[in-house]
Number of protein chains: 2
Amino acid sequence: MKYCGKSIPSRSKYDKIQPRKCHLPENHKGKCEEFPFLKDLTKSHKRVSDKIKRDSTMTTGAAWKSDDAGPNRILRWVMLLNDEELLKYGIDISALKPQVVSKIKEKGADYDSCIQVAIKLTWLAYQMPGAPDCSQAIKEYLIEHFGELKNETVCSICLDNLPFDLFHSAQRGKANIETCHLNPRIHNSENVGFAHRECNIAQGNKTLEEFYEWIAGILDRANKS
Amino acid sequence: MKYCGKSIPSRSKYDKIQPRKCHLPENHKGKCEEFPFLKDLTKSHKRVSDKIKRDSTMTTGAAWKSDDAGPNRILRWVMLLNDEELLKYGIDISALKPQVVSKIKEKGADYDSCIQVAIKLTWLAYQMPGAPDCSQAIKEYLIEHFGELKNETVCSICLDNLPFDLFHSAQRGKANIETCHLNPRIHNSENVGFAHRECNIAQGNKTLEEFYEWIAGILDRANKS
């Protein structure tokens, strides 16, 4: 799809690094929108819509700030800047431990990839059992990006059911559905999906392939013992 | 083994609930000792010895205090007290969320079970590849409790190698070997073992049997897809 692509001004100090852009089709009518595909979900399920925006564009991060945990959630494309530029934004990479640095640098991703991730996650969310309907315009938008909306979205890791209402059954602030990465080090639309929280935790920093090999080895040994 | 069983006075405010006892054989010579089986490890590998004492006798707990995380590490037998008695020790159960309460109450265990857990963990630690030798007296003590020291201790969960030096390769305060429970809700010597941190995290609050069933289901679906 060719997007409108016009800049959408914001008050964010990060706008100089990367302006937000309109992702309606070019020559669209009406107001520019960065996330037009989330318009319906924003009305009916704001928390899900916010989660998709957040997980696609922000690094994960501790809910508190500490030298150990690294900086709090930050825009993924900001994490592509070099250390000197980051310091201008108050992020002192040199104060962090090496393993924290490599972990947060891995989360960096360019703006366009993040938007594609958001569209993919929206496409997946609408195919979960129990998902709400969406308008014809959004349906066509999503189909043009990632194909027909006829599959049942399952957990990307355990491949079992992933009902839409698991988005709401959060306990102590921890959603039971998490955005996951088949390879935890790549943030793009081919590599993301939704997963049960417990599956995402179990996979850890392994790739999905490594995870399957690992659990196959466990079962081999368990069956022999 | 029949223990000496004499009380070992301490300054802990919890002594009234449960005095610490001597676990040398009855009619032993010399000073009473609560953890005689850890004497050698305390000299050669104090962190391992401290970990065994801590994991066997204390609840796990957040490293910080918050209403949400529940009280910090506390003696497991203290958690067997009722809410009214706990309040006398400054632990206000009514201030905690229900899911936190059930989680910490599950960690309660009587003193004697905790000591048996400590002996079992010591027995397992000495059978890890690369473990130090121990004195003949401790060897006999451990054998009398849990049998010959001729096995190779493996991770209780993945059943793969668990070298003794993984105790030392802690990253950011997180040991790579964790004490685990085959059934996470029972703290006794038959139910405890050592595991890789990643295995313990993957198992979560499932029993080991549930965990194996769960990952078998994942592989079934992955192989079909």
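Just so it is clear: chains get the letters A, B, ... in the order the sequence lines come, proteins before strands, and each one is counted from 1.
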Neighbour count >12 (heavy atoms, 6.0 Å) for atom CD, A:E210: yes

Closest-packed option against chain B by number of heavy-atom pairs under 4.5 Å, given A:A202, A:C158, A:C155: A:C158

Atom NZ of A:K39: over 12 foreign heavy atoms under 6.0 Å: no

Nearest-0.5 Å distance that lies between atom CG in A:D160 and atom CH2 in B:W214: 10.5 Å

Neighbour count >12 (heavy atoms, 6.0 Å) for atom NZ, A:K105: yes

Between SG on residue B:C199 and CD1 on residue A:I218, distance to nearest 0.5 Å: 5.0 Å

From B:L159 atom CG to A:K224 atom NZ, the distance as rounded to the nearest 0.5 Å: 10.5 Å

Under 4.5 Å from a heavy atom of chain A, the part of B:I157 involved: backbone

Inter-residue atom distance A:F211.CZ - B:L219.CG, 0.5 Å rounding: 8.0 Å

Most contacts with chain A, counted as non-hydrogen pairs under 4.5 angstrom, among B:G204, B:A216, B:A222: B:A222

Over 12 non-hydrogen atoms of neighbours within 6.0 angstrom of CD in A:E85: yes

